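The figures that follow rest on heavy atoms only: side chains count, while hydrogens, waters and symmetry mates do not. Each ligand, and each atom within it, is numbered from 1 in the order the structure gives. Bear in mind that the values here come from a model prediction, so they are computed numbers and not experimental data.
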Amino acid sequence: MPLYICPTPIGNLEDITLRVLRILKESDVIFAEDTRRARILLSKYDIESKRLYSYNKDNWRKRIPLLESLLLEGKIVSLISDAGTPGISDMGVEAIRLCVDKDFKVEVLPGPTAFVPALLLSTFTPHPFLFYGFLPSQRGRRRKVLSSLKSLPFTLVFYEAPHRISESLCDILEVLGDRRGCLVREISKVHEEALRGKISELLERSKDLKGEMVLVIEGCLKEPEVKEDSLEDKILLLMKEGFSSKEIAQELHDKFGLSKKEVYKKVLELKGRGEF
Ligand code: SAM
């Protein structure tokens, strides 16, 4: 029997597919990120008296052998997370890896996840996009990640917690600049809202925001800069290959139409700086 990865609602409890409900009904065992929340969902759909095991970031390592033995016994096993699709920003992916590594069948059922509605509500180009999930909580590491995303021409999607949103927006403003962004809160719930504006504006409005949120940031719109030192790079490369100054000037003139005089001057400058 396969392991079934079952997406569950991220807000409105009606956001669940008929197939997920059938699979949950047929399951012998359900692994759930939070068994209490799982019981509320299951009882709404009259799926009672199921064997439930918790499976979350604190205990997944201990749970994997149990999951494996149940699959070996031929039990029908499902995995659900707190909300949305297991594996998206939680430890569900480890259960999927187990199945692939040990040759158990695994079926990932399509269904709700928070980043898709947020991406579309942002109105930024939906593809290409980059789903990052949660930024690191430590400031230095967060800024490093942001620097690596700075020049990507992709819409960027982050998950965030309300107590960290202002800190993250501060860093995003400093590292990525004052781009446009969209903060989508409480998707598929009564107080759903999408705040759109410059990052500086979102930062101002983020102070007392509550609830679950997804932050979408417009990708880099600038053309990639031609690196100023690219002539230097080209020259250094040829020097390393053993070309003489004269040959370098000729080569770069032939290949890129650069002035032989300018190239020659630069070669002498680099040699003077002891670069080679
Ligand atoms: N597995 C989930 C999914 O498929 O989207 C994500 C789980 S992750 C642990 C929880 C994060 O998802 C929240 O901090 C928030 O960023 C986002 N999220 C979940 N439900 C949401 C909702 N209704 N509205 C906005 N964001 C939500």
For [atom], which protein heavy atom lies nearest, and how many Å away is it?
{"atom": "atom 9 (C) of ligand 1", "value": "Ser89 O, 3.3 Å"}
{"atom": "atom 3 (C) of ligand 1", "value": "Thr113 OG1, 3.3 Å"}
{"atom": "atom 21 (C) of ligand 1", "value": "Glu212 CB, 3.7 Å"}

Should one rank Ile187, Asp15, Asn12 by closest heavy-atom distance to atom 24 (N) of ligand 1, which comes out on top? Ile187

Who gets closest to atom 14 (O) of ligand 1 by heavy atom: Phe115, Tyr159, Phe134, Phe131? Phe134

More than 12 heavy atoms of other residues, nucleotides or ligands under 6.0 Å from CZ of Arg164: is that the case? yes

Lys105 atom NZ: more than 12 heavy-atom contacts under 6.0 Å: no

Only residue of Phe131, Tyr132, Phe134 satisfying ring pair (Phe, Tyr, Trp, His ring centres under 6.0 Å) with Phe115 is Phe131

Are Ile217 and Phe158 packed together at the side-chain level, in the sense that at least one heavy-atom pair is separated by less than 4.5 angstrom? yes

For the 3.5 Å polar cut-off, considering only N or O atoms, please tell me whether [X] and ligand 1 meet it.
{"X": "Ala83", "result": "yes"}
{"X": "Gly84", "result": "no"}
{"X": "Pro86", "result": "no"}

Location of contacts on Ala114 toward ligand 1, heavy atoms closer than 4.0 Å: both

Given that the side chain starts at C-beta and the backbone is N, CA, C, O, which of these parts of Lys189 lies under 4.0 Å from ligand 1, counting heavy atoms, or is it both or neither? side chain

Can a salt bridge be assigned to the pair Glu107 and Arg19 using a cut-off of 4.0 Å between side-chain N and carboxylate O? yes

Is there a donor-acceptor contact under 3.5 Å from the side chain of His253 to the main chain of Ser259? no

